[in-house]
Amino acid sequence: MNKEQMTPTPLARAIGLGSAKAGFSHWWLQRLSAVFLIPLGLWFVFSLAALPEYSLSVIRTWVGEGLNALWLWLFTICALIHARLGLDVVVEDYIHTRWLEVSIKVLLSLALALSVVLVSFAILTLARGA
Amino acid sequence: MSQSSRPLSPHLQIYKPQITSTLSILHRLTGLWLAVAAAILVLWLYGLALAPPIFTALSRFFASGLGQLLLFSWILAFSYHLCNGIRHLFWDIGKGFELPQVYRSGYLVLAAAFILAGLIWFLAKA
C-alpha cells in the first residue's frame, strides 16, 4: 500500500504544512506597519504640535510644503491598516457568534477601503494645491 | 466558536490586577481608542481638502473643553501605545522576557509615555 492510498488522520494531514490560512501575513503586516508607524507617527504628532495655529489655511500650507503630503499619506495608510489588523484580533477574541464576527469584519473591510480611497483623494487634492 | 457545556477557566475578575496584565489590557484599550482617532483623522483630512464646513465643525469641537480632553486622551493613548509597542517589538525578537526585565520595561514604558505625552501637549500649547 503506497502513501496516497492511506487515509491520513487530521493531524497527519496538518503536520509539516505550516500554519493554516493567513495567520502569518496578518502577524507580519501588523509588525511591519508598527515599525513604520514609529517614525511616521512621531513625525505627524510633532509636526502638528509645532504649527503656530490650526486654521484651514495654515494646515493646508503645511501639507503643501516639501514631501509632507507623501509622509502624511504614508502615515494615514499605515495607521488605518494597523488599526484594521488590531481590530481584527479584538473581534476574533471577543465575538464568539460566528455570523456577527464575520459581519463586523466585512464592515471593517468596507470602512478600511472607503477610508483609503477618501484619504488618498483628499491628500492628492491638497498636494496639488487646492 | 461553538457553545459547549465544558468547564470554563476562571474569569478575569478572579485574578489580582498586576502591572503585567494591566499594561497588556491597556495596550489593547489604547489601540481601540486610537482606531476611533484614525476614523476622525480620515474625516478631518476629508474636511481639510474637500469640505471646509466639516473642518470648521471639527475645529470648533476640539477647541471646546470636552474636545481638548479627548485630544489629550488621544495623545496619551498614542504615547503609551507607541512606547509599549516598542516593548512588544523587543519581545517579538525574543528579548526582555525575564520577569525582572518585564517589570522594569513596564515601568519604563509608563514613565516614557507620560513624558512623551507631556512633551507633545506642551509643544502644541506653546
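Any value given below was found using the heavy atoms of this structure, including those in side chains, with hydrogens, waters and symmetry copies removed. Order of the sequence lines fixes the chain letters, A, B, ..., with proteins taken first and strands second; residue numbering starts at 1 for each chain.
- Clustering ILVMFWY residues whenever any of their side-chain heavy atoms sit less than 4.5 angstrom apart, transitively, puts A:Ile81 in a cluster other than the one holding A:Leu107.
- Counting heavy-atom pairs closer than 4.5 Å to chain B, the top-ranked of the candidates A:Val119, A:Leu56, A:Leu48 is A:Leu56.
- In terms of heavy-atom proximity, B:Leu82 sits nearest to A:Leu37 at CD1-O, 4.3 Å.
- With a 4.5 Å cut-off on non-hydrogen atoms, B:Ile120 touches chain A through its backbone and its side chain both.
- Side-chain contact between A:Leu80 and B:Leu41 is absent, with no heavy-atom pair separated by less than 4.5 Å.
- By the 6.0 Å contact criterion, CZ on B:Phe62 is enclosed, its count of non-hydrogen atoms from other residues, nucleotides or ligands being greater than 12.
- Neither the backbone nor the side chain of B:Trp74 comes within less than 4.5 Å of any heavy atom in chain A.
- The distance from the OH atom of B:Tyr46 to the OG atom of A:Ser115 is 13.0 Å, given to the nearest 0.5 Å.
- Taking hydrophobic clusters as Ile, Leu, Val, Met, Phe, Trp and Tyr residues chained together by side-chain heavy-atom distances below 4.5 Å, A:Leu114 does not share a cluster with B:Ile40.
- Counting heavy atoms of neighbouring residues, nucleotides and ligands inside a 6.0 Å radius, atom CZ of B:Phe72 exceeds 12 of them.
- Only the side chain of A:Leu118 comes within contact range of chain B, with at least one heavy atom under 4.5 Å from a heavy atom of that chain.
- Of the atoms belonging to B:Phe78, it is side-chain heavy atoms, and not backbone ones, that fall under 4.5 Å from chain A.
- Note on A:Leu67: it clusters hydrophobically with A:Ile123, by side-chain heavy-atom contacts below 4.5 Å among ILVMFWY residues.
- Under the 4.5 Å side-chain criterion, counting only non-hydrogen atoms from C-beta, A:Leu87 is in contact with B:Leu32.
- A 4.5 Å side-chain heavy-atom check between B:Leu45 and A:Phe121 finds every atom pair outside the cut-off.
- Of the two parts of B:Leu43, neither the backbone nor the side chain holds a non-hydrogen atom closer than 4.5 Å to a non-hydrogen atom of chain A.
- Note that the NE2 atom of B:His81 and the NE2 atom of A:His82 stand 4.5 Å from one another [nearest 0.5 Å].
- Hydrophobic clustering of Ile, Leu, Val, Met, Phe, Trp and Tyr side chains at less than 4.5 Å, counting indirect connections, keeps A:Val117 apart from A:Trp73.
- Put simply, of A:Ala83, A:Ala50, A:Gly41, A:Gly86, the one with the most heavy-atom pairs under 4.5 Å next to chain B is A:Gly41.
- In this structure, B:Ser79 OG and A:Leu42 CG are separated by 8.5 Å, a value rounded to the nearest 0.5 Å.
- A:Tyr94 and A:Trp99 end up in the same hydrophobic cluster when Ile, Leu, Val, Met, Phe, Trp and Tyr side chains are linked at under 4.5 Å.
- For the atom pair CZ (A:Arg31) and CG (B:Asp92), the distance works out to 4.5 Å, reported to the nearest 0.5 Å.
- Contact detail for A:Arg60 and B:Ala49: the closest heavy-atom pair is NH2-O, 3.5 Å.
- At least one side-chain heavy atom of A:Val63 sits under 4.5 Å from a side-chain heavy atom of B:Leu48.
- Annotation: A:Trp62, atom CH2; neighbour count of heavy atoms from other residues, nucleotides and ligands within 6.0 Å is above 12.
- Side chains of B:Leu116 and A:Phe46 form a contact here, defined as non-hydrogen atoms less than 4.5 Å apart.
- With a 6.0 Å radius and a threshold of 12 heavy atoms from other residues, nucleotides or ligands, B:Phe122 has its CZ atom at or below the threshold.
- A:Tyr54 and B:Phe55 get closest at one heavy-atom pair: O-CZ, 3.6 Å.
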